[in-house]
Amino acid sequence: MSSPTSQTPRPNSRSRAGGGPRTADSPGAPDTPGGSGPAAASLIKPAPRGGRRGEGPWGWLFVSPMVIILGLFFVLPIFMALWVSLLNWDGQSNPFSGQAKFVGLDNYRSLFTQDGLDRTLFATSLRNNAYYVLLTVPIQTILALVLALIVNQRILRARGALRTAFFFPSVTSSIAVSTVFLFLFQGSGAVNTALSWIGVQGPSWFNDPRGVLSLLLGALGIVDPDRPSAFSPTTT
């Protein structure tokens, strides 16, 4: 006599997975709302392909204020400056009234071929831009990355306050930031006051024609601030 367990039929794995035995009429899973058979597939309606076409005008509507601002204050002045560079303009009259004479590329030709104050100022501006690109941009990027890594450390206390202090100038008006820096770096400002506590006489940051870079290099003994070299960024 066989045991009761041996006579009990084992449940089919397919019936457990699909919810019932398969038949010839249902080659796939059963036609249930949660299944993947033909009936379930018919209940899922595909999203219309043209549903995102109406988002284009709304996107342009939302970005239009910034596009208008960039066009008025960045793109349009560039084209105006290019047009003025092709005129014999005195710098006082309206260059778009027709009073200035159109000279084409004569201004550029004289700038590159004739010695004079214009050529000297142009060379100085190129040198200052080169200093800015080669020094300010890499140093600023490296310092920003280092400070970002520091304020992201879990062992650092008051991380929220430090992050706020670093990010606050980005959301503050440039006029307000300039006013604060003028207050800090004026002759009797907070920076010079703090330097006086350690016996250092702070310079006149905004009134010294030698520039901050020349003063720092002079303090290190690299250059003579009173006699700047030809490669000094403040030399005109």
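- D106 CG to L87 CG: the interatomic distance, rounded to the nearest 0.5 Å, is 11.5 Å.
- When the side chains of ILVMFWY residues are joined at heavy-atom separations under 4.5 Å, either directly or via intervening members, L134 and I142 end up in two distinct hydrophobic clusters.
- Atom CE of M66 sits about 11.0 Å away from atom CD1 of I68, to the nearest 0.5 Å.
- In this structure, N129 contributes its side chain and S125 its backbone to a donor-acceptor pair below 3.5 Å.
- The line from CG of L121 to CG of L111 is 10.0 Å long, rounded to the nearest 0.5 Å.
- Going from atom CG of N128 over to atom OG1 of T136 covers 10.0 Å, rounded to the nearest 0.5 Å.
- Taking the side chain as every heavy atom from C-beta outward, T179 and F183 never approach each other to under 4.5 Å.
- If you take CD1 on I150 and CG on L143, they are separated by 9.5 Å, rounding to the nearest 0.5 Å.
- The closest side-chain heavy-atom distance from V191 to Q186 is not below 4.5 Å.
- Considering every non-hydrogen atom in both P77 and G71, the closest pair reads CD-O, 4.3 Å.
- For the residue pair P138 and L135, the shortest heavy atom distance occurs at CD-O, 3.5 Å.
- Placement of L72 and F74 within a single hydrophobic cluster is found when ILVMFWY residues are connected by side-chain heavy-atom separations under 4.5 Å, directly or transitively.
- F122 and Y132 are not part of a single hydrophobic cluster, where members link through side-chain heavy atoms under 4.5 Å apart.
- Heavy atoms of other residues, nucleotides or ligands lying less than 6.0 angstrom from CZ of F185 number more than 12.
- More than 12 heavy atoms of other residues, nucleotides or ligands sit less than 6.0 Å from atom CG of L126.
- Closest heavy-atom contact between V137 and T141: O-OG1, 2.7 Å.
- When all heavy atoms are compared, the tightest approach of F96 to V84 is CZ-CG2, 4.3 Å.
- The two residues R119 and Q114 come nearest to each other via the heavy atoms CD-O, 3.3 Å.
- Sorted by first and then second residue, the side-chain hydrogen bond (donor to acceptor under 3.5 Å, both in side chains) pairs involving residues 63-86 (not counting sequence neighbours) are S85-Y108.
- Rounding to the nearest 0.5 Å gives a distance of 12.5 Å between CG of N152 and CG of L147.
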Using the side-chain contact (heavy atoms from CB on, under 4.5 Å) rule, take W60 and V63 through it: C-alpha gap first, then chi angles, then the decisive distance, then the call.
CA-CA 5 Å; W60 283 107; V63 301; 3.9 Å; yes

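- With N88 contributing its side chain and F102 its backbone, the two residues share no donor-acceptor pair below 3.5 Å.
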Verify side-chain contact (heavy atoms from CB on, under 4.5 Å) between L105 and L86, making sure each step is shown before the conclusion.
CA-CA 6 Å; L105 300 177; L86 303 177; 4.0 Å; yes

